[in-house]
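One structure is given here, and the rest of the page talks about it.
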Amino acid sequence: MNDTTHPASAGAPPESAVPRPSPAAQDRGGILRPALAALAALTLVTGLFYPLVVTGIAQAVFPRQAAGSLIERDGKVIGSSLIGQNFSSPGYFWGRPSATGPMPYNAAASGGSNLGPSNPALADAAKARVEALHAADPDNMAPIPADLIAASGSGLDPHISPAAALYQAARVARARGLALDQVRRLVEAHTETPPSALIGDPAVNVLELNLALDGLAPAGR
């Protein structure tokens, strides 16, 4: 009997015995490539191109705000209008209390005290602030505005209410030898009014107000 087996196929396993990728493995391979491509594309768009475009537009349209709303005096940066500073001298307006640690208005540790209303420490802190305000201006019998007693949630609030600024006007005027009306007019001039009563309340930037205060001459000069 003649052997008709092709030499090249001698010893080769049958076609059914050759292992093939399972349908699940084929599906994973087909999904993985477009998923990785989408990830790379979105990373470039949202992680590189979009931030660069937005930053460029902000620098062109709002250069001061994009740089951090920095405040300079004599060519030196002394702060930002977006971050409060701690003032304790009676000759300056005091900002809203700050509970950041280890020092007030620590921009690297923004946050509140997280004390609940039932925590005695919260009442003790408010009492201490009231006593400090009364000690600095014993003759002031006006009600103390709440924003001079309660710390803000961020601990970095640069603003106080006009009422809180006017409450301190007499103390500041007396400490600096200024006329009270002069200090009150300065507060009114630095009161920022929102474009609509629906989106905010009038406020006074404490750092900007104190810088303007340094530019006033004492009464009689």
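Atoms considered below: every heavy atom in the structure, side chains included; atoms not considered: hydrogens, waters and symmetry mates. Note that this is a predicted model, so its numbers are computed, not measured.
- With hydrophobic clusters built from ILVMFWY side chains whose heavy atoms lie under 4.5 angstrom apart, Val172 shares a cluster with Leu216.
- Nearest heavy atom pair, residue Glu208 against residue Ser81, reads OE2-CB, 3.4 Å.
- One side chain, Asp147 or Ser161, offers a donor N or O that lies under 3.5 Å from an acceptor on the other.
- Considering only heavy atoms from C-beta on, Ser80 comes within 4.5 Å of Leu70 through its side chain.
- Here CG of Asp157 is found 9.5 Å from CG of Asn205. Values are rounded to the nearest 0.5 Å.
- Going from atom CG of Leu213 over to atom CZ of Arg176 covers 3.5 Å, rounded to the nearest 0.5 Å.
- For the atom pair CG of Leu133 and CG of Leu148, the computed distance is 5.5 Å after rounding to the nearest 0.5 Å.
- Summarising the geometry of Arg96 relative to Ser152, their closest heavy-atom pair is NE-N, 3.5 Å, with the distance given to 0.1 Å.
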message: Assess the residue pair Ile78 and Leu211 against the criterion (side chain to side chain contact (heavy atoms under 4.5 Å, CB included)); give the C-alpha distance rounded to whole Å, side-chain angles, the decisive distance to 0.1 Å, and a yes or no.
response: CA-CA 10 Å; Ile78 59 174; Leu211 290 175; 3.5 Å; yes
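- Heavy-atom minimum distance, Ser113 versus Ala99: N-CB, 3.7 Å.
- Counting heavy atoms from C-beta on, the side chains of Arg73 and Asp214 come closer than 4.5 Å.
- Looking at every heavy atom in both residues, Val204 comes nearest to Ala165 through CG2-CB, 4.4 Å.
- Residues meeting the ring-ring contact (aromatic ring centres under 6.0 Å, His included) test with Tyr167, sequence neighbours left out: none.
- Once rounded to the nearest 0.5 Å, the distance linking CD of Gln168 with CD1 of Ile144 reads 10.0 Å.
- A cation-pi arrangement, defined by a distance under 6.0 Å to the six-membered ring centre and an angle within 45 degrees of its axis, is absent between Arg129 and Trp94.
- Here Phe87 pairs with Tyr92 under the ring-ring contact (aromatic ring centres under 6.0 Å, His included) rule; sequence neighbours left out.
- Formation of a donor-acceptor pair under 3.5 Å by the Asn140 side chain with backbone atoms of Ala142 is found in this model.
- Leu52 contributes atom CG, which lies 11.0 Å from atom CD1 of Ile57 (distance to the nearest 0.5 angstrom).
- A pairwise comparison of heavy atoms in Pro162 and Thr191 identifies CG-CG2, 3.7 Å as the closest pair.
- In this structure, the side-chain contact (heavy atoms from CB on, under 4.5 Å) partners of Ala203, at least two apart in sequence or on a different chain, are His159.
- Placement of Ile83 and Ile160 in two distinct hydrophobic clusters is found when ILVMFWY residues are connected by side-chain heavy-atom separations under 4.5 Å, directly or transitively.
- Placement of Leu115 and Leu156 in two distinct hydrophobic clusters is found when ILVMFWY residues are connected by side-chain heavy-atom separations under 4.5 Å, directly or transitively.
- The two residues Ala170 and Asp137 have their closest heavy-atom pair at CB-OD2, 4.3 Å.
- Once rounded to the nearest 0.5 Å, the distance linking CD of Glu188 with CZ of Arg184 reads 9.0 Å.
- Proximity of a side-chain donor or acceptor of Thr100 to a complementary backbone N or O of Tyr105 within less than 3.5 Å is detected.
- Hydrophobic clustering of Ile, Leu, Val, Met, Phe, Trp and Tyr side chains at less than 4.5 Å, counting indirect connections, keeps Met141 apart from Leu166.
- Between the side chain of Ser110 and the backbone N or O of Ser154, at least one donor-acceptor pair lies under 3.5 Å.
- Hydrophobic cluster membership differs between Ile149 and Leu122, with clusters built from Ile, Leu, Val, Met, Phe, Trp and Tyr side chains linked at under 4.5 angstrom.
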